[in-house]
Amino acid sequence: MLNMASGNTIAEVASLIGDAARANMLSALMGGQALAAGELARHAGVTAQTTSGHLAKLLDAQLIAVEKQGRHRYYRLASPEVAQAIHALMTVAASGPKRHRPVGPRDAAVRLARTCYDHMAGRLAVALAASMSDLGYVRFSDGAGRVTPEGQRFFCDFGLDMGAQSRSRRPLCRTCLDWSERRPHLAGRLGAALLDKTLDLGWVARMPESRALRITRAGEMGFAATFRLASDWRDPAPPQGAAANSTKPPSPLPLRRSAPC
């Protein structure tokens with residue numbers, strides 16, 4: 001049974017995240033990769049000395065963890081729960097008053113496809129979640145997800161071993177409300193496995209110094225053929241009820257079964 005946090009404890013954690021420099025560091029770590037102190041300093045716009053103080057506070061609060069490789073130290077978010085909390089704050093912040101700031105090319109790339117800790121987010125991830133739901137591979141309800149028997153066969157054929165982390169307490173399938181699209185994308189162990197698989201296939205590639213993912217030519221074809229994405233998935237979200245008018249490409253190519261699951 002989980003211990004209930006006191007108001008003082010919640011306030012302490014909120015105060016740590018509430019500092020702009022630390023919030024920028026935590027946001028940078030939402031890319032899912034461990035970063036060095038110098039990289040985090042650039043994201044936060046502060047000096048190396050100031051960065052050390054911020055990192056010490058975040059480590060003490062167990063919001064981040066450190067990994068040592070020789071002389072180097074790399075920092076990452078401490079757990080998926082921390083990532084969920086940061087993502088929730090980002091969603092609330094994005095829903096606040098509109099600020100007069102032009103959307104640049106980098107913002108456009110982040111909105112199209114990005115990492116959200118260890119899974120995909122952005123229009124690509126939202127389109128994948130919607131398609132998998134339409135095809136009957138997953139069923140979503142109130143933030144929870146269930147993989148159907150048909151979905152289990154599909155993911156097995158796609159090369160995802162859902163039994164590899166069966167002892168994990170982390171949910172197999174759940175949804176995140178995408179902060180830029182305001183629609184759900186896939187998270188949990190399944191979302192993480194899907195990101196890893198598409199990176200291995202070369203369908204997406206990480207972009208330097210950014211959470212954005214670049215969709216490769218192989219990815220354009222692979223996502224469309226395998227997941228039957230609507231042809232207009234790159235467009236902004238349509239008005240409520242307009243999704244039924246979207247057109248879909250031909251039926252997906254049959255997957256070649258790689259190994260028994």
Side-chain angles (χ1 to χ4, degrees), residues 1-37 39-47 49-67 73-99 101 110 114-122 125-126 140-145 165 167-192 195 211:
M1 182 176 179
L2 294 175
N3 294 325
M4 294 298 293
S6 68
N8 287 340
T9 303
I10 295 173
E12 289 174 5
V13 174
S15 177
L16 282 171
I17 299 174
D19 179 88
R22 290 193 288 270
N24 282 328
M25 291 178 187
L26 293 169
S27 296
L29 293 174
M30 282 293 289
Q33 293 180 301
L35 301 176
E39 295 172 305
L40 291 171
R42 289 196 295 275
H43 282 286
V46 296
T47 65
Q49 184 177 3
T50 303
T51 299
S52 297
H54 287 310
L55 291 175
K57 292 179 180 180
L58 293 172
L59 283 167
D60 186 59
Q62 298 183 16
L63 293 176
I64 63 173
V66 63
E67 299 175 357
R73 293 161 65 92
Y74 297 93
Y75 300 87
R76 58 174 175 79
L77 295 181
S79 66
E81 289 73 23
V82 174
Q84 291 174 33
I86 301 301
H87 183 270
L89 289 172
M90 295 171 71
T91 302
V92 171
S95 301
K98 300 297 182 183
R99 290 169 172 78
R101 181 175 64 86
V110 169
R114 64 181 180 273
T115 51
C116 179
Y117 187 49
D118 62 355
H119 56 273
M120 284 188 285
V126 166
F140 299 129
S141 177
D142 297 327
Q165 302 181 38
R167 297 181 181 178
S168 173
R169 295 173 59 185
R170 187 181 183 191
L172 170 63
C173 181
R174 68 174 188 83
T175 61
C176 272
L177 180 64
D178 197 278
W179 67 261
S180 62
E181 297 302 300
R182 304 295 192 277
R183 292 184 291 165
H185 62 243
L186 189 66
R189 301 200 316 270
L190 179 57
L195 172 59
R211 289 174 55 191

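In this chain, residues are counted from 1 in sequence order. Just so we're clear, the structure is a prediction, and the values are computed from it rather than from any experiment. These values consider heavy atoms only, across backbone and side chains, with no hydrogens, waters or symmetry-generated copies.
Neither side chain, Thr47 nor Gln49, offers a donor N or O lying under 3.5 Å from an acceptor on the other.
The aromatic rings of His185 and His87 sit perpendicular to each other, their planes meeting at more than 60°, with 30° as the lower class boundary.
Here CZ of Arg174 is found 6.0 Å from NE2 of His119. Values are rounded to the nearest 0.5 Å. Rounding to the nearest 0.5 Å places CE of Met120 at 13.0 Å from SG of Cys176. Taken to the nearest 0.5 Å, the OG1 atom of Thr115 stands 7.0 Å off from the CG atom of Leu195. Taking CD of Glu39 as the start and CG of Leu29 as the end, the distance is 9.5 Å to the nearest 0.5 Å. Here Cys116 contributes atom SG and Leu186 contributes atom CG; the two are 11.0 Å apart, rounded to the nearest 0.5 Å.
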- Message: The test is side chain to side chain contact (heavy atoms under 4.5 Å, CB included); show your working for Leu35 and Met25 and say whether it passes.
- Response: CA-CA 9 Å; Leu35 301 176; Met25 291 178 187; over 6 Å; no
- Task: In sequence, state the C-alpha distance, the side-chain angles, and the governing distance for Leu58 and Arg22, and then conclude on side chain to side chain contact (heavy atoms under 4.5 Å, CB included).
- Result: CA-CA 8 Å; Leu58 293 172; Arg22 290 193 288 270; 3.9 Å; yes
- Message: Quick one, Arg189 with Leu172, criterion side chain to side chain contact (heavy atoms under 4.5 Å, CB included). Give me CA distance, side-chain angles, the key distance, then yes/no.
- Response: CA-CA 5 Å; Arg189 301 200 316 270; Leu172 170 63; 3.8 Å; yes
- Item | Chi angles and distances behind the side chain to side chain contact (heavy atoms under 4.5 Å, CB included) call for Asn24, Val46 | CA-CA 10 Å; Asn24 282 328; Val46 296; over 6 Å; no
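Considering every non-hydrogen atom in both Glu181 and Gly122, the closest pair reads CG-C, 4.1 Å. Listed here is the closest heavy atom pair of Ala34 and Tyr74: CB-CB, 3.8 Å.
Put simply, the side chain of Asp178 never gets that close to the backbone of Arg183: no donor and acceptor are under 3.5 Å apart. Judged by distance alone, with hydrogens and angles left aside, the side-chain atoms of Arg114 form no donor-acceptor pair with the main-chain N or O of Arg211 at under 3.5 Å. Under a 3.5 Å cut-off, the side chain of Ser141 and the backbone N or O of Ala144 do not form any donor-acceptor pair. Between the Ser15 side chain and the Ala11 main chain, no donor and acceptor come within less than 3.5 Å of each other.
Residues Ile86 and Tyr117 have side chains not in contact (no heavy-atom distance under 4.5 Å, counting atoms from C-beta outward). The side-chain heavy atoms of Ile64 and Val82, taken from C-beta on, include no pair separated by under 4.5 Å.
Ionic pairing of Arg76 and Asp118 is not present here: no N-O contact between side-chain nitrogen and carboxylate oxygen is shorter than 4.0 angstrom.
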